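For reference, the structure discussed in these notes is given below.
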Amino acid sequence: MPLRKNIIVAIFLFFVLSATAMALHFNGLYGQDAYEYLRLARAFKEMLNEGTGISHSYFPILYPVTGFLLSEILANDILALQVVSMMALTGAFFYLKQLIRQLYGTTYGLIVYLVAFFFFSPYVFRFGLLSMSDMLCLFFVVASVFHVVRYLQLAQDKDAVLFTFFAVVAVATRYAVVPLLIIPALFLLVQLLYRKKWNTLGVVILTAGCILLPDYLLRGRILFFQFQEAELFVDYASNAYSWSPLNFFRSGFDNPDGLQQYTQWNIAAITFQLIHPAFIFTGLLFIFFLKRDDFDTPAAKLLLLMVLVYAFYIAGLQYQNNRYLLQSFPLVVALYYPAYSRIAMKYFKQRNHQWSFFAMVLFMQLLFFSYSFRSVLAMNRAEYAIATSLKDYPGQPIYTCSITGAIVAYEVENPVTDIYFENIDRADSNALLLFNYEAFTEHFAGRKPMMNWDWLNKEYVLTPIRTLPEGWTLYAIKESDATP
């Protein structure tokens, strides 16, 4: 495709994302992770302006650093983080197009295919709007896979270096993609050693070191290894430690995030990227039209192996999270392309049939997106409403959990104590408790949030003073001998 057409498509994709965000009045902030990334982005600004250190965080720094750098241009850190995701999805679209061309040497209906089944995939489109690291990581993953496939086919040293660059920055954006990228990394290492490419291997190591050095200098950390803390290995929610094949056939877990109960076994959940409407509602149809010789090339076999190994790694975790599956979904889209091209060439040769098919797919994708995004939008609205309502109680200490990030992000200046991390042995005078009993009573059973709730009810009188969205209630904490 000529450069001019690529630019037009890129502008169109970015416009669709930005117009959707504006139409929905959605700023990208949702759930605890988005607020933590925003906090880190602001911490980098404070570090440069005031010389302060960066407080502890489990999260990698590349996404918030990227957001901070863009915020220096846009003068709005919340907007900057969301724009990073939009730009990343747009970039991933074009890298995935190049990957499919490299795999199959054809582009029949490729732009239409990627717009319909990748860009507007409900989960992909969602994360193109969210201020989380997932879409930036996905861009790096797709880029790294493209270069390792091209190295496999052309054996050019520059692709080995570029794979290393994109793979390392992908891991520095989301640690969870290590099991996905370890196979092409090992393949590349074996190839370089077998061919005695010592100079290239040296450049590869130097490239990785240059990418990892800033985090070591700033936080004493290299990826998930930390050298200035009591524990060497950073492992949020104990994912690596808790991996077990026994988890394949489980749907309920007790992990550091609380009690988790899902509707299907892990081994079934990993098929979502293949057939679930949240990813690709035509998955079963595409599988039916695939042929064995679609996987004859070493490159196709590599992608298939990556998808399978990564899926089985995820199945062994004490978790179910489609954010993990999102990272390997572009590889599924690439592997499904031969099936799509067969269907298109057999049943949709006429242009009016092609447009009808595209319109039908687009309608279904937007329908599924609208359905799945309702909860995201509701939570975003609730977090903003709850945080801003607390400004009516200036100076009063607040005890809460799970929403601390939103309170800080929307610049509520009250002192906040997160009862997920701390055991309370006394409450400040004139303090408030922000709590969601219905959501926490089972999820945090036997954990600090509910233990603190029970202790406060025993030692103090909790008087509801404000009912807030999504089941949240604001309580005044009063001495037990005081009049309610």
Side-chain angles (χ1 to χ4, degrees), residues 30-33 117 121-124 126-127 130 132 134 137-138 141 174-183 235-288 290 295 303-336 339 364-365 368-369 371-376 379 402 438-447:
Y30 159 76
Q32 298 180 65
D33 288 10
F117 294 104
S121 167
Y123 227 70
V124 172
R126 173 199 289 199
F127 277 92
L130 289 177
M132 294 188 188
D134 303 79
C137 182
L138 182 144
V141 166
R174 283 218 72 196
Y175 300 146
V177 296
V178 169
L180 178 63
L181 296 175
I182 193 68
I183 292 174
D235 186 22
Y236 177 70
S238 302
N239 278 346
Y241 298 124
S242 63
W243 192 93
S244 170
L246 298 178
N247 293 332
F248 289 5
F249 306 100
R250 296 179 62 195
S251 60
F253 305 97
D254 184 2
N255 57 42
D257 278 349
L259 295 173
Q260 315 283 344
Q261 186 61 51
Y262 306 101
T263 56
Q264 61 282 313
W265 288 346
N266 277 8
I267 197 69
I270 61 172
T271 65
F272 282 8
Q273 62 180 327
L274 303 176
I275 60 174
H276 197 281
F279 287 99
I280 187 163
F281 74 95
T282 56
L284 284 174
L285 177 66
F286 287 158
I287 291 173
F288 179 78
L290 285 173
F295 304 96
L303 264 64
L304 180 61
L305 182 62
M306 291 174 65
V307 170
L308 293 176
V309 169
Y310 188 58
F312 280 101
Y313 169 76
I314 293 170
L317 300 177
Q318 289 188 339
Y319 255 88
Q320 285 183 25
N321 193 331
N322 286 338
R323 291 176 64 189
Y324 295 147
L325 295 174
L326 179 71
Q327 299 303 323
S328 57
F329 178 64
L331 309 188
V332 174
V333 173
L335 292 171
Y336 278 168
M364 294 298 296
Q365 297 283 49
F368 289 129
F369 167 77
Y371 177 79
S372 66
F373 202 68
R374 291 181 305 167
S375 60
V376 175
M379 181 65 74
S402 296
E438 182 178 350
F440 294 165
T441 183
E442 182 177 348
H443 185 70
F444 288 126
R447 298 180 181 275

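Only a predicted model underlies this, so the values are computations on that prediction, with no experimental measurement involved.
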How close do Q327 and L180 get, heavy atom to heavy atom, and via which atoms?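 For Q327 and L180, the tightest heavy-atom pair comes out as O-CD2, 3.7 Å.
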Smallest heavy-atom separation, L138 atom then L326 atom, equals CD1-O, 3.4 Å
Go through the structure and list residues passing ring pair (Phe, Tyr, Trp, His ring centres under 6.0 Å) with [X], not counting sequence neighbours.
{"X": "F253", "result": "none"}
{"X": "F279", "result": "Y123, F329"}
{"X": "F249", "result": "W265"}
{"X": "F440", "result": "F435, F444, W472"}

F312 atom CZ, neighbour heavy-atom count above 12 within 6.0 Å: no
Whether over 12 other heavy atoms sit under 6.0 Å from E438 CD: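 No.
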Using side-chain heavy atoms (C-beta onward) and a distance below 4.5 Å, is [X] in contact with [Y]?
{"X": "Q320", "Y": "Q264", "value": "yes"}
{"X": "Y310", "Y": "Y324", "value": "yes"}
{"X": "I182", "Y": "V309", "value": "no"}
{"X": "I280", "Y": "I275", "value": "no"}

With sequence neighbours excluded, residues passing side-chain contact (heavy atoms from CB on, under 4.5 Å) with A311: I270, Q273
List the steps and the verdict of side-chain contact (heavy atoms from CB on, under 4.5 Å) for V307 and V332. CA-CA 7 Å; V307 170; V332 174; 4.1 Å; yes
Going by side chain to side chain donor-acceptor pair (under 3.5 Å), name the residues that satisfy it together with [X], two or more places apart in sequence or in a different chain.
{"X": "S402", "value": "none"}
{"X": "N247", "value": "R250"}
{"X": "D134", "value": "R174, R323"}
{"X": "R126", "value": "none"}

According to the salt bridge (Lys or Arg N to Asp or Glu O under 4.0 Å) rule, which pairs have a member within [range], sequence neighbours left out?
{"range": "residues 266-287", "value": "none"}
{"range": "residues 268-286", "value": "none"}
{"range": "residues 311-321", "value": "none"}

Checking ring-ring contact (aromatic ring centres under 6.0 Å, His included) against Y336, which of F117, F288, F286, F295 comes through?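 When F117, F288, F286, F295 are each tested with Y336, the ring-ring contact (aromatic ring centres under 6.0 Å, His included) holds only for F286.
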For a side-chain contact (heavy atoms from CB on, under 4.5 Å) check, start with the C-alpha distance between H276 and F368, then their side-chain angles and the critical distance, and finish with the verdict. CA-CA 10 Å; H276 197 281; F368 289 129; over 6 Å; no
How many angstroms lie between atom OG of S121 and atom CZ of F127, to the nearest 0.5 angstrom?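 So the OG of S121 and the CZ of F127 are separated by 11.0 Å.
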